[in-house]
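Convention: sequence-line order gives letters A, B, ...; per-chain numbering from 1. The structure presented is a predicted model; accordingly, all values stated were derived computationally and were not measured.
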Amino acid sequence: MGVNPDIAGRVYPPSPAYEVGREKIREFAEAIGSSDPVHRDADAARARGYRDVIAPPTFAVIVAQRCDAQVIDFSMLVHGEQRFVHHRPIVAGDRLVATLHVDNVDTRGRHAMVTTRVEIADEGGEAVTTARSTIVVRNGGSAGGGA
Amino acid sequence: MSTTTTQAFDTVAVGDELPPVTYTVGRANLVMYAGASGDFNVIHWSDRIATAVGLPGVIAHGMYTMALGGRFVSEWVGDPGAVLEYGVRFTSMVPVPDDDTGAAVDFTGTVSAKDDEKRTATVDITAVCNGSKVLGKAQAVVRLP
């Protein structure tokens, strides 16, 4: 199907809220081998000034990739670049709303490089994380559908 | 028990090197990461599919390697919440054999800049597996007390 170059510049409607669970944070921290109690012990996190346990720096990928999936077929891609800017740490109990911006589509022969920016905020509109991805969609993959 | 240390803005200098760390990546880690992250791409758990698409075998999620870099910097600075910015390029893959050893990824880091006004430091990170750099332009900006 290929990549629809017309999606460049588009902004998609905000996602339904993703509720950040304590156990999800613990599970993610365990998967990456982090033993820091700030990810699993709410009292330890509070003692360090946080409202509850906080997420590791790349946890936001869960929210960002769900959002990217609106336009990206994740079965046929190579992840080129990833960047996070954290306006504040993600904390258990957050209800995160993600808005997808397709910043660029660069078609090179049979491949296309799609640059997305997912702006993640809490339900009150406070900015939490900006996640930028550059994804190479190979021949046979698709982005943006046929529209 | 925490493995973290704590850095302070006034004692960190440009040119400081982070203590190097080697993380081992085994198949079980990839299974755990797939479940934790929701990234169930088959090339991260099936040798059959991975080799069919031309890979040497199962490879680690790029985001898993990036997460290890985030852990490396977090443990050095002493607080994962102090990582304000973190970006990487995925330059090479990490093949993870189905054995008891797994793959070794060596992380090193250097403080490349300090911002006196924001009280932040920039850390340049390298991650090497089998002699290849697996992350490019990997940089984190951390806030220091």
Side-chain angles (χ1 to χ4, degrees), chain A residues 18 23-41 44-45 48-51 53-66 69 73-91 129-136 138 140, chain B residues 1-4 6 21 23-26 28-43 49 53 59 61-75 77-91 93 135-143 145:
Chain A
Y18 174 93
E23 296 303 334
K24 192 67 186 177
I25 288 178
R26 173 204 293 269
E27 184 188 359
F28 194 93
E30 281 178 2
I32 67 169
S34 173
S35 60
D36 193 325
V38 79
H39 300 311
R40 60 194 77 207
D41 177 344
R48 282 155 66 172
Y50 299 110
R51 192 182 74 230
V53 293
I54 64 166
T58 62
F59 181 91
V61 72
I62 297 173
V63 180
Q65 285 193 345
R66 282 180 179 211
D73 168 9
F74 272 85
S75 65
M76 286 294 288
L77 62 81
V78 176
H79 203 165
E81 287 183 48
Q82 181 67 47
R83 179 174 174 77
F84 299 100
V85 175
H86 295 298
H87 310 294
R88 68 158 172 85
I90 292 175
V91 185
T129 296
T130 301
R132 285 188 179 78
S133 305
T134 301
I135 290 157
V136 182
R138 293 176 291 182
Chain B
M1 287 292 289
S2 171
T3 56
T4 56
T6 302
V21 174
Y23 294 126
T24 302
V25 186
N29 298 112
L30 302 189
V31 172
M32 288 171 73
Y33 186 77
S37 68
D39 183 343
F40 295 105
N41 195 321
V42 212
I43 61 170
I49 301 295
V53 299
I59 61 169
H61 307 73
M63 284 306 304
Y64 183 77
T65 309
M66 182 178 185
L68 292 180
R71 174 183 159 198
F72 171 63
V73 171
S74 296
E75 290 182 355
V77 74
D79 182 6
V83 180
L84 305 180
E85 296 180 29
Y86 179 33
V88 306
R89 282 186 182 174
F90 301 102
T91 51
M93 55 198 163
L135 299 178
K137 292 205 169 181
Q139 252 187 2
V141 175
V142 298
R143 187 187 53 240

Pair B:Met63-A:Gln65, side chain to side chain contact (heavy atoms under 4.5 Å, CB included): steps then yes or no: CA-CA 11 Å; B:Met63 284 306 304; A:Gln65 285 193 345; 4.3 Å; yes
Shortest non-hydrogen separation from A:Ile32 to B:Ala67 and the atoms involved: CG2-CB, 3.5 Å
Winner by heavy-atom pair count (cut-off under 4.5 Å) against chain A, out of B:Asn29, B:Leu84, B:Val25, B:Val73: B:Leu84
Heavy-atom contact with chain B under 4.5 Å, split by part of A:His87: neither
Intermediate values then yes/no, side chain to side chain contact (heavy atoms under 4.5 Å, CB included), B:Asp39 and A:Val61: CA-CA 10 Å; B:Asp39 183 343; A:Val61 72; over 6 Å; no
Contacting moiety of A:Val38, where chain B heavy atoms sit under 4.5 Å: side chain
Sidechain-backbone polar pair: B:Tyr64 side chain, A:Ala31 backbone, donor-acceptor under 3.5 Å: yes
Reported NZ-to-OG distance for the pair A:Lys24 and B:Ser37, which is rounded to 0.5 angstrom: 7.5 Å
Smallest separation among heavy atoms of B:Ala82 and A:Tyr50, with atom names: N-OH, 4.4 Å
Considering all heavy atoms, the nearest B:Ser74-A:Pro57 contact: OG-CG, 3.6 Å
B:Gly81 to A:Ile54 - nearest heavy-atom pair and separation: N-CD1, 3.4 Å
Pairs of heavy atoms under 4.5 Å with chain A: top-ranked of B:Arg71, B:Met66, B:Gln139: B:Arg71
Worked check of side chain to side chain contact (heavy atoms under 4.5 Å, CB included) between A:Gln82 and B:Phe90: CA-CA 8 Å; A:Gln82 181 67 47; B:Phe90 301 102; 3.9 Å; yes
Best-contacting candidate, A:Gly33, A:Pro89, A:Pro56, A:Ala29, against chain B by heavy atom pairs under 4.5 angstrom: A:Gly33
Residue pair B:Asp79, A:Arg48: steps toward the side chain to side chain contact (heavy atoms under 4.5 Å, CB included) verdict: CA-CA 9 Å; B:Asp79 182 6; A:Arg48 282 155 66 172; 3.7 Å; yes
Gap separating the CD atom of A:Glu81 from the OG1 atom of B:Thr91, nearest 0.5 angstrom: 11.0 Å
Shortest non-hydrogen contact between B:Gly78 and A:Asp36, atoms and distance: O-OD2, 4.4 Å
Chain B interface, residue from A:Glu30, A:Arg132, A:Arg88, A:His86 that has the most non-hydrogen pairs under 4.5 Å: A:His86
A:Arg66 atom CZ, neighbour heavy-atom count above 12 within 6.0 Å: no
Sidechain-backbone polar pair: A:Arg83 side chain, B:Val88 backbone, donor-acceptor under 3.5 Å: no
